[in-house]
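Structure record follows, encoded as structure tokens.
Counting convention: from 1, in listed order, for ligands and their atoms alike.
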Amino acid sequence: MAQCKNNSNSIKMEGGSPLCGSVRIQGSKNATLPIMAACLLIPDKCTLRGCPDITDVACMGRLLESTGAVVETKASHFQTGIDIGINAGSISSCRLPSRYVKAMRSSVILMGALLGRVGEAYVDYPGGCVIGERPIDWHLSGLEKLGAQIWTEGSRIHAYVDELKGACVNLPFPSVGATQNIILAAATAKGTTVIKNAAREPEVTVLCDFLNKAGADIVLPESFWTEGRLIINGVPLSRLHAAVFDMIPDRIVAGTYMFAAMAAGGNINLENVPIEQLCSVCAIITKMGGSVVCNPERKTLAISVPERDKLKNMDFVETDVYPGFPTDLQSPLMAAAAIAKGELTIKESIFSSRFKIAEELRRMGADISINGDTAVIRGAAALTGRNVIAHELRGGAALAIAGLAASGITTVSDISYINRGYQDIVGDLRCLGAKISYE
Ligand code: UD1
């Protein structure tokens, strides 16, 4: 149970002790948001079980409600999170309120769903984390390929189509969001859409699974896994129907806690872990000297770091599209690398400005230099507790990891960023034995 999370602006922790305990991993944020958007396409009630109770999910709920959909949440029958009922039986508006669109970049994928459902969408240019340039040009050109007319009215985007028609969309880069947006628009388009160079992240395949369960006809051929070829055979809207769907666990939250164990030392067990999605992370942890034991049947993963003084950095890690090392875990890795021996070079290949955490980590004693898309972490630093500020979601969580590794008290403020993606980071880390509380 979150302790006063909603009224808190900061978290405080006393670092320096190893972690020990078990925690169940929440449902995936990045899978839940597009699947909630997909519910707009379906003129019937869908139930999404085991979703994370986070502010981005609440924001997507408000956006759906603004269209006339009915959104109900209740505590999940799973051990954590919420079940969300979404009934988009009648849609009365395609104008999304600026306040919520600007709060969250993933609001842009509602364009594809609204075009599919009512043929029109008004949205602002979306907001999101401060992690560099995040254009939406491939979203817009993909929707245009399917026949949408798109123009700008002040700071708003207006999209309109009489009838979406299947097309071949060749993405310049396998963008997760653009792939999802095009899938949503293509699901009820007339004819077949082929996306070439589609993103292969689990958050894309699970969106296809959900839509197929609700009556869509999306095919992932062998060539999807090798070259990102995705086939969407459009079906009439009337073919889509109610579905109950169990959310997948959050690979990024699991990875965050794996790096917390590396930074603080100890033995932790994670339950409800998408093990097969974390191969790149397990490989790095093992190479750094941590021990990982997976039980795929029980979906559990144990990490043991008996002597964290013996951890050593790999020479080089580059973020990459799935199944490569995820950009969302780059900051948690940086926090753990600060205390391991040796020098790690991280190349950030996905986003242009994702090293904001480095400055805060330096204030805690880390030795990090940044040059463009590359960070060099000279490890074996003795981190010291400080007052630090979260500037974005994953960087904020990484500061909590650094605080657990540091001697003395660390306070991380502006935790609203962290609450966007972690339903109860304090509760979870307490289950793992951390001395941490909301302030
Ligand atoms: C999603 C995830 C985010 C993760 C990212 C990469 C969600 C809600 N967010 O973000 O957590 O970090 O995937 O795994 O699922 N780009 C363009 N033009 C476009 C679209 C993207 O230039 O129209 C660029 C982006 O600026 C970025 C790269 O493509 O440099 C990858 O972005 P993308 O895969 O689209 O990430 P998101 O879907 O925004």
Side-chain angles (χ1 to χ4, degrees), residues 27-38 51-52 54-57 59-60 63 101 103-112 123 125-145 150 157 159 169-185 195 197-207 228 247-248 250-256 277-278 280-281 318-333 347-356 372-373 392-398 417-418 420-422:
S28 162
K29 161 176 118 46
N30 290 350
T32 300
L33 296 172
I35 292 177
M36 289 177 77
C51 299
I54 51 177
T55 50
D56 271 15
V57 164
C59 182
M60 183 58 90
L63 284 162
V101 174
M104 184 177 67
R105 178 180 163 86
S106 13
S107 51
V108 73
I109 50 177
L110 287 165
M111 279 185 87
V123 294
Y125 275 93
C129 278
V130 205
I131 58 174
E133 284 272 305
R134 295 185 81 178
I136 55 166
D137 48 338
W138 305 330
H139 297 244
L140 302 184
S141 59
L143 296 174
E144 280 174 339
K145 269 269 165 93
I150 301 176
I157 307 167
V169 182
N170 203 342
L171 286 173
F173 179 88
S175 153
V176 177
T179 302
Q180 292 166 334
N181 222 338
I182 297 161
I183 291 171
L184 290 172
I195 307 180
N197 204 22
R200 280 162 260 175
E201 267 67 5
E203 296 79 15
V204 168
T205 51
V206 78
L207 173 65
M247 201 46 62
I248 57 168
D250 196 310
R251 63 190 172 108
I252 305 301
V253 171
T256 303
Q277 297 171 14
L278 285 162
S280 63
V281 182
E318 180 172 8
T319 62
D320 203 351
V321 296
Y322 187 80
F325 182 67
T327 171
D328 287 2
L329 287 175
Q330 180 254 106
S331 300
L333 166 64
K347 183 166 183 234
E348 172 52 66
S349 305
I350 308 294
F351 289 108
S352 57
S353 167
R354 207 168 196 183
F355 291 132
K356 286 221 163 13
D373 62 2
E392 42 96 9
L393 166 55
R394 306 300 173 189
Y417 287 109
I418 302 177
R420 290 185 52 189
Y422 295 79

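- Side-chain contact between Ser331 and Glu392: present, with at least one pair of heavy atoms (C-beta onward) separated by less than 4.5 Å.
- With a 4.0 Å heavy-atom cut-off, ligand 1 is reached by the backbone of Ser175 and by its side chain too.
- Of the possible donor and acceptor atoms, one in the side chain of Asn181 sits under 3.5 Å from a partner among the backbone N and O of Gly112.
- Note: an N/O pair closer than 3.5 Å links Trp138 and ligand 1 by distance alone.
- Not counting sequence neighbours, Glu144 has no partner by the salt bridge (charged side-chain N to carboxylate O under 4.0 Å, His left out) test.
- Atoms of ligand 1 found under 4.0 Å from any heavy atom of Arg354 (numbered from 1 in listed order, with element): 12 (O).
- The shortest distance between side-chain heavy atoms of Val321 and Arg200 does not fall below 4.5 Å.
- Side chain of Glu203 to main chain of Gln180: no donor-acceptor pair is present (N/O by atom type, distance under 3.5 Å, no hydrogens or angles).
- The pair Asp328-Arg354 meets the salt-bridge criterion, since a charged nitrogen lies less than 4.0 angstrom from a carboxylate oxygen.
- Of the candidates Arg105, Glu348, Arg394, it is Arg105 that places a heavy atom closest to atom 39 (O) of ligand 1.
- Listed by number with element, the atoms of ligand 1 under 4.0 Å from a non-hydrogen atom of Pro135 are 17 (C), 18 (N), 19 (C), 20 (C), 21 (C), 22 (O), 23 (O), 26 (O).
- Atoms of ligand 1 found under 4.0 Å from any heavy atom of Ile136, numbered from 1 in the order shown, are 19 (C), 23 (O).
- Rounding to the nearest 0.5 angstrom, the gap separating the OG1 atom in Thr205 from the CD1 atom in Ile183 is 9.0 Å.
- Polar contact with ligand 1: absent for Phe173 (N/O pair, distance under 3.5 Å).
- Close contacts between ligand 1 and Ile350 involve ligand atoms 27 (C), 28 (C), 30 (O), 31 (C) [criterion: under 4.0 Å to a heavy atom].
- Taking a cut-off of under 4.0 Å to the non-hydrogen atoms of Thr327, the atoms of ligand 1 that pass are 6 (C), 12 (O).
- Each of the following atoms of ligand 1 lies closer than 4.0 Å to a heavy atom of Gly177: 35 (O), 38 (O).
- The closest non-hydrogen atom to atom 2 (C) of ligand 1, taken over Leu140, Ile252, Asn30, comes from Asn30.
- Between the OG atom in Ser175 and the CD1 atom in Ile195 there is a gap of 10.0 Å [rounded to 0.5 Å].
- Residue contacts with ligand 1: Glu201 is placed with no nitrogen or oxygen under 3.5 Å of a nitrogen or oxygen of the ligand (distance criterion only).
- Residue contact check for ligand 1: Ser106 places a non-hydrogen atom closer than 4.0 Å to it.
- Close approach of ligand 1 to Asp328 is summarised as follows: ligand atoms under 4.0 Å from at least one heavy atom of the residue are 3 (C), 4 (C), 11 (O), 12 (O).
- Contact check for Val169 versus Trp138: no side-chain heavy atoms found under the 4.5 Å cut-off.
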